[in-house]
Number of protein chains: 2
Amino acid sequence: MKAVNKHTKIITAATKVFAQKGFFNARISDIAKEAKVADGTIYLYFNNKFDILLSVFEEEIGNIITQVKKLLAEETDPRKMLEIFATKHLTVMKKNKHLAEVIQIELRQTNKLIKDYRNNKFSEYVNIISDIIKLGQEQKIYRADILPGIAKRAFFGSLDEISRVWNTSLETNYTVEETVNQIIKIFLSGMLTQAKAC
Amino acid sequence: MKAVNKHTKIITAATKVFAQKGFFNARISDIAKEAKVADGTIYLYFNNKFDILLSVFEEEIGNIITQVKKLLAEETDPRKMLEIFATKHLTVMKKNKHLAEVIQIELRQTNKLIKDYRNNKFSEYVNIISDIIKLGQEQKIYRADILPGIAKRAFFGSLDEISRVWNTSLETNYTVEETVNQIIKIFLSGMLTQAKAC
DNA sequence: TAACACTGAATGGTGATTCATTTATGTAAC
DNA sequence: GTTACATAAATGAATCACCATTCAGTGTTA
């Protein structure tokens, strides 16, 4: 049995357990059982419970960032780029609900607990959006009077809230495609009718 | 000493403590100390720790709903109505950071723990947004192809993410006015330049 | 046989909740 | 207005279940 395997097994198990029970309600023994290792084994790979949570972020969000950046590298139109980001984000969150919940809920708890945990993967992820917007502004495709720092939060917040609801509520579940379609419509062209907009 | 006073004192104290430490890290004794009552006294007014959290929501969000609805009743233009909602939301969240954090973080935990807690104040609050959008669609001011159920999440998610960052990060803090201005710009007219939009 | 990986029962700190007791408030009788 | 009694409100130390973490011991590999 290789160490790498066990490390990954624990991360995967922890993601699942944290998502189901939340960080504070999750017991180390739950994670151990899920990963099929002894309780003590977990402490050979992680310093403590909180350290497991941080590792979940680093690794899982890191993966998403890599994937998104790869997709974006093949596109030059900033309009399409936002669409790609939205599609990738929503697809991942819809497919991996455990991870989605951990990111949505626990990451926030964490950000509060350790405010000095800067330069984190999460910031890096959200900054992809503002980079796209800045690129679009240079190309005169996006309006110059949009502040990328606010727009990135608005865009990410929209995606995040929508995928959050997918996990918790009984509300109608639109497809990723329909949802992206709506989001892009709103963020690129706005909600006003043509008559009013022009 | 009237009972009403003590109830309110505990709610206020709990809001503060939950915001600072998070629900799970908050001790009953912390709340008791903050409210200047004995630990046991809290159990004369609430069934348990979780019950306190629910009460914080019900009462605090209920207040905001009342205020927003009152403001909206005096306006008929759906464009202005969204602006009013955004301004009120961001103003409250900026002024009452304790409440803001509790809503942003704890409400989500809670929604997860008790999925049957439907018909809650939170839903009522977010539905104000979709009601405005539907009204605007009837008046042909908002595009008919916007789905109010998605747009409300996008709009709320944007506000929520922006105010969340106000509480946690060191990022530049825009004023409520500037922020509302940007949000309204994006949601009503979109991010494309005029040339591209028309 | 040494080095290493792993195990899981035992430990110890924590903190929600309880409840015997105290304090405050009300009320009736004189 | 004061004493006595009753009821309600408040207290906070004690209880006890919980669970993160440890570590002495077992198994495995080289």
Side-chain angles (χ1 to χ4, degrees), chain A residues 1-59 102 105-107 109-110 112-114 117, chain B residues 1-59 98 101-102 105-107 109-110 112-114 117:
Chain A
M1 188 75 66
K2 283 164 208 147
V4 164
N5 267 338
K6 216 149 261 186
H7 179 93
T8 308
K9 269 169 74 180
I10 294 171
I11 291 273
T12 307
T15 305
K16 187 170 177 183
V17 174
F18 285 156
Q20 283 171 341
K21 304 198 159 190
F23 178 73
F24 291 99
N25 285 323
R27 278 164 293 165
I28 290 292
S29 58
D30 293 333
I31 299 173
K33 187 184 274 182
E34 181 71 36
K36 289 178 184 143
V37 297
D39 293 16
T41 304
I42 288 178
Y43 289 88
L44 299 176
Y45 293 89
F46 301 93
N47 296 327
N48 52 45
K49 193 180 169 187
F50 195 65
D51 188 36
I52 305 174
L53 185 63
L54 290 189
S55 301
V56 167
F57 296 153
E58 290 293 323
E59 307 204 3
V102 170
I105 297 171
E106 303 305 340
L107 178 58
Q109 280 284 1
T110 309
K112 191 154 63 88
L113 294 178
I114 39 165
Y117 184 59
Chain B
M1 187 75 67
K2 283 165 208 147
V4 165
N5 267 338
K6 216 148 261 186
H7 180 92
T8 308
K9 270 169 73 181
I10 294 170
I11 291 275
T12 308
T15 306
K16 187 169 176 185
V17 175
F18 285 157
Q20 283 171 341
K21 305 197 159 192
F23 178 73
F24 290 100
N25 285 324
R27 278 165 294 165
I28 291 292
S29 57
D30 293 333
I31 299 173
K33 186 185 277 182
E34 180 72 35
K36 288 176 184 146
V37 298
D39 294 16
T41 305
I42 289 178
Y43 289 88
L44 300 176
Y45 294 89
F46 301 93
N47 296 326
N48 51 46
K49 192 180 169 186
F50 194 65
D51 188 36
I52 305 175
L53 185 63
L54 290 188
S55 301
V56 167
F57 295 153
E58 290 293 323
E59 307 203 3
H98 293 324
E101 293 209 17
V102 171
I105 298 172
E106 304 306 339
L107 179 58
Q109 279 284 4
T110 309
K112 190 154 65 91
L113 295 177
I114 39 165
Y117 182 58

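Convention: sequence-line order gives letters A, B, ...; per-chain numbering from 1.
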Student: Without decimals, in angstroms, what is the distance between B:L44 CG and C:dT23 C1'?
Tutor: 14 Å

Student: Measure from the side chain of A:A38, starting at C-beta and using heavy atoms only, and say which of C:dG8, D:dT21, D:dC19 lies closest.
Tutor: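 Closest nucleotide among those given: C:dG8.
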
Student: How far does CD1 of B:I28 sit from CD1 of B:I10, to the nearest 0.5 angstrom?
Tutor: 9.5 Å

Student: Are any of A:K49's side-chain N or O atoms less than 4.0 Å away from OP1 or OP2 of D:dT21?
Tutor: no

Student: Please compare A:I28 and B:V37 by the position of their nearest nucleotide in DNA chain D and report the one closer to 5'.
Tutor: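 The residue closer to the strand's 5' end, by nearest nucleotide, is B:V37.
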
Student: So, taking the atom named CD1 in B:I52 and the one named CZ in B:F57, what distance separates them when rounded to the nearest 0.5 Å?
Tutor: 12.0 Å

Student: Starting at the 5' end of DNA chain D and moving along, which residue's nearest nucleotide shows up first, A:N47 or B:K36?
Tutor: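 So the residue in question is B:K36.
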
Student: Less than 4.0 angstrom between a side-chain N/O of A:K6 and OP1 or OP2 of C:dA5, yes or no?
Tutor: no

Student: Between the main-chain N or O of B:K9 and the side-chain N or O of B:K36, is there a donor-acceptor pair closer than 3.5 Å?
Tutor: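 Here the side-chain-to-backbone pair does not exist.
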
Student: How many whole angstroms separate atom CZ of B:F46 from atom P of C:dA16?
Tutor: 15 Å

Student: Taking only N and O in the side chain of B:S29, is any of them less than 4.0 Å away from OP1 or OP2 of C:dG15?
Tutor: no

Student: What is the separation between atom CG on A:N48 and atom P on D:dT22, rounded to the nearest whole Å?
Tutor: 9 Å

Student: Distance check needed: C:dA16 P versus A:F24 CZ, whole Å only.
Tutor: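 In whole Å, C:dA16 P and A:F24 CZ are 12 Å from each other.
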
Student: With rounding to the nearest 0.5 Å, note down the distance linking CG in A:L54 to CG in A:N48.
Tutor: 8.5 Å

Student: Take atom CG of A:L53 and atom C1' of D:dA20, then tell me their distance rounded to the nearest Å.
Tutor: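 From A:L53 CG to D:dA20 C1': 15 Å.
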
Student: Using whole Å, report how far CZ of B:R27 lies from C1' of C:dT14.
Tutor: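 Answer to the nearest Å: 9 Å.
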
Student: NE2 of A:H7 to CD1 of A:I11: how many Å apart, nearest 0.5 Å?
Tutor: 4.5 Å

Student: Provide, to the nearest angstrom, the distance between the OH atom belonging to B:Y43 and the C1' atom belonging to D:dA14.
Tutor: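 Nearest whole value for this atom pair: 15 Å.
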
Student: Rounded to whole angstroms, how far apart are CD1 on A:I42 and C1' on D:dT22?
Tutor: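 Distance, rounded to whole Å: 14 Å.
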
Student: Side-chain N or O of A:Y45 less than 4.0 angstrom from OP1 or OP2 on C:dC6?
Tutor: yes

